[in-house]
*Asks:* 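My structure is below; once you've seen it, I'll send some questions.
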Protein chains: 2
Amino acid sequence: MAKVDTSLVAHLPLFAGLTPEALDEILREARSARYPKNSAIFEQGADAQSFFLLLHGHVRAAKTTPTGEQIVVRYVAPGETFGLAMAIGAARYPATATAVDDSVVLIWPTSAWPRLVERFPSLAANTLQTVGTRLQESHTRILEMSTQQVEQRVAHALLRLAKQSGKKLDHGIEIDFPISRQDIAQMTGTTLHTVSRILSGWESQGLVESGRQRIILRDPHGIVVLAERSADSGAA
Amino acid sequence: MAKVDTSLVAHLPLFAGLTPEALDEILREARSARYPKNSAIFEQGADAQSFFLLLHGHVRAAKTTPTGEQIVVRYVAPGETFGLAMAIGAARYPATATAVDDSVVLIWPTSAWPRLVERFPSLAANTLQTVGTRLQESHTRILEMSTQQVEQRVAHALLRLAKQSGKKLDHGIEIDFPISRQDIAQMTGTTLHTVSRILSGWESQGLVESGRQRIILRDPHGIVVLAERSADSGAA
DNA sequence: GTCGCGTTTTGCGCTATCGCAAACTATCGA
DNA sequence: TCGATAGTTTGCGATAGCGCAAAACGCGAC
């Protein structure tokens with residue numbers, strides 16, 4: 001039985017309102033595992049045999065169409081759960097999860113969920129909360145895709161990433177996991193070409209500093225301005 | 001205390017796994033109300049004082065940007081819940097709900113939710129299920145918006161509406177509540193002009209019959225074909 | 001039955017963004 | 001150290017769909 005230190009996870013929203021004993025009991029059902037950078041954690045369409053809690057690293061959840069196009073559903077940050085197919089009554093994973101950095105996760109067998117929820121009802125309530133929040137964010141994303149131009153969507157996406165996983169530097173905020181132009185394109189519903197053009201433009205305005213799979217927001221406020229303006233043009 | 005007939009709602013997923021007594025207790029906390037066609041049920045940004053279960057009619061949930069653009073988040077069909085802001089820990093409604101037809105709803109005060117969940121944990125589990133399903137659908141919608149052209153998105157939207165609220169006629173399936181071109185545009189991320197053009201096209205191909213705020217799918221299968229083809233052109 | 005208003009249709013020019021192709025460049029492995 | 005490889009940049013033509021405007025139409029009200 002893998003032993004997990006409760007103090008590391010006790011403060012997570014998922015476990016809010018649980019006694020240390022309860023938490024201990026829940027963690028006893030989990031095992032932990034390490035996934036190296038770029039390895040698959042589960043594939044879209046596979047049997048949902050487990051659900052996960054990310055401890056370290058970063059995970060990308062992506063959905064693929066029958067014709068092979070992909071979108072990034074979200075990036076999972078440490079402390080967040082993913083692969084909750086069972087909670088929504090799905091037998092198969094609706095997306096593919098990939099470690100974008102060396103990652104450590106806790107893994108519960110899906111079969112343990114009903115029992116856990118029965119013993120600890122607040123687990124269901126807490127999960128409802130996070131799923132609800134994700135639904136909100138999803139709607140916001142749809143709203144953006146419907147009403148905003150690509151440049152604004154990219155701006156919003158980067159700001160969100162910075163908020164979720166930004167590492168503060170003295171000369172800006174760095175998104176602290178590898179992310180490609182293609183990834184950003186798949187988050188915003190455009191092509192890597194367009195993303196590249198936009199970032200190049202921003203770079204020449206001093207708004208960002210972006211290299212290979214690496215992005216630093218030099219002037220977050222400037223990007224906020226970009227994200228919020230409604231339709232007119234910017235600097236030449 | 002408004003009396004509600006339990007037999008009408010006992011089979012709903014929300015109440016799955018509850019005893020008749022429990023259901024009775026839950027319903028005792030609700031009151032019912034009628035909203036005439038085109039009346040507002042709640043406004044985006046207002047205090048989330050209640051949550052709702054639709055008994056009859058149809059409700060549109062729409063989200064508005066600061067600049068006034070709208071999108072339709074979903075259409076609520078009888079038997080579905082809406083206005084669940086509290087379940088996700090939001091104090092205000094994230095969208096506006098409007099009755100698109102004369103509608104009857106059950107209304108619970110938001111303040112009753114924590115107590116109900118504590119007494120009947122399966123409420124939380126059931127709600128998690130439906131919210132999770134909506135999250136899925138949301139992701140599918142994002143995927144469509146990212147990868148498909150407008151015509152296919154409109155096709156998918158109509159097929160979904162037909163599935164959810166279609167009335168079977170001998171010459172097709174009618175969407176049985178009033179819906180405008182503008183509404184469809186707001187569901188698919190386009191303009192009413194484009195929707196109008198598309199429907200006109202389909203009408204001349206005999207795929208649909210569409211009048212003022214009314215749509216009949218004459219050839220659902222033909223529309224499925226449209227929805228699924230990936231990129232090439234159609235008939236002239 | 002007629003009038004008026006909200007909805008729908010349609011034309012037309014415009015442009016944001018795609019899609020392809022080619023050049024370029026960090027990074028990693030031998 | 002030098003390629004090989006994957007990611008990025010950039011140019012350029014093509015086009016789907018927008019946006020504006022005007023006309024036609026259907027429905028409900030009186």
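For clarity, every value in this text was computed on a predicted model and none was experimentally measured. Letters A, B, ... are given to chains in the order of the sequence lines, protein chains preceding strands, and every chain is numbered from 1.
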*Asks:* Tell me the interatomic distance from B:Leu192, atom CG, to D:dA22, atom P, rounded to whole angstroms.
*Replies:* 17 Å

*Asks:* Round to a whole Å and report the spacing from CZ of B:Arg212 to P of D:dG28.
*Replies:* 8 Å

*Asks:* For C:dT9, does either OP1 or OP2 sit under 4.0 Å from a side-chain N or O belonging to B:Ser196?
*Replies:* yes

*Asks:* Charged N to carboxylate O below 4.0 Å: is that the case for B:Arg160 and B:Glu144?
*Replies:* yes

*Asks:* Is any N or O donor-acceptor pair between the side chain of B:Arg153 and the base of D:dG17 shorter than 3.5 Å?
*Replies:* no

*Asks:* How many whole angstroms separate atom CG of B:Asp183 from atom P of C:dT7?
*Replies:* 9 Å

*Asks:* For A:Gln213 and D:dT8, what is the distance between atoms CD and P respectively, to the nearest whole Å?
*Replies:* 5 Å

*Asks:* Is the closest side-chain donor-acceptor distance between A:Ser210 and A:Arg181 under 3.5 Å?
*Replies:* yes

*Asks:* Write down the distance between CZ (B:Arg214) and C1' (C:dT8), rounded to a whole number of angstrom.
*Replies:* 14 Å

*Asks:* Just the rounded figure in Å: distance from C1' of C:dA16 to CD of B:Gln149.
*Replies:* 15 Å

*Asks:* Calculate the interatomic distance between A:Trp202 atom CH2 and D:dT9 atom C1'; express it in whole Å.
*Replies:* 16 Å

*Asks:* Would one find a side-chain N or O of A:Thr190 under 4.0 angstrom from OP1 or OP2 of C:dT17?
*Replies:* no

*Asks:* Could you check how far CG of A:Leu199 sits from P of C:dT17, rounded to whole Å?
*Replies:* 14 Å

*Asks:* Taking OP1 and OP2 of C:dC18, is either one under 4.0 Å from a side-chain nitrogen or oxygen of A:Thr194?
*Replies:* yes

*Asks:* Is A:His193 side chain donor-acceptor paired with the D:dT10 base, going by distance under 3.5 Å alone?
*Replies:* yes

*Asks:* Evaluate the ring planes of B:Trp108 and B:Phe51, with Trp represented by its six-membered ring, and classify them as parallel (under 30°), tilted (30 to 60°) or perpendicular (over 60°).
*Replies:* parallel

*Asks:* Hydrogens and angles aside, do A:Gln182 and A:Ser180 bring a side-chain donor and acceptor to less than 3.5 Å of each other?
*Replies:* no

*Asks:* Taking only the side-chain nitrogens and oxygens of A:Ser200, find out if one of them lies under 4.0 Å from OP1 or OP2 of D:dT10.
*Replies:* yes

*Asks:* Base, sugar-phosphate, or nothing: which does A:Arg181 touch, judged by heavy atoms less than 4.0 Å apart?
*Replies:* sugar-phosphate

*Asks:* With distance as the sole criterion, is a donor-acceptor pair present between the side chains of A:Thr65 and A:Thr67 under 3.5 Å?
*Replies:* yes

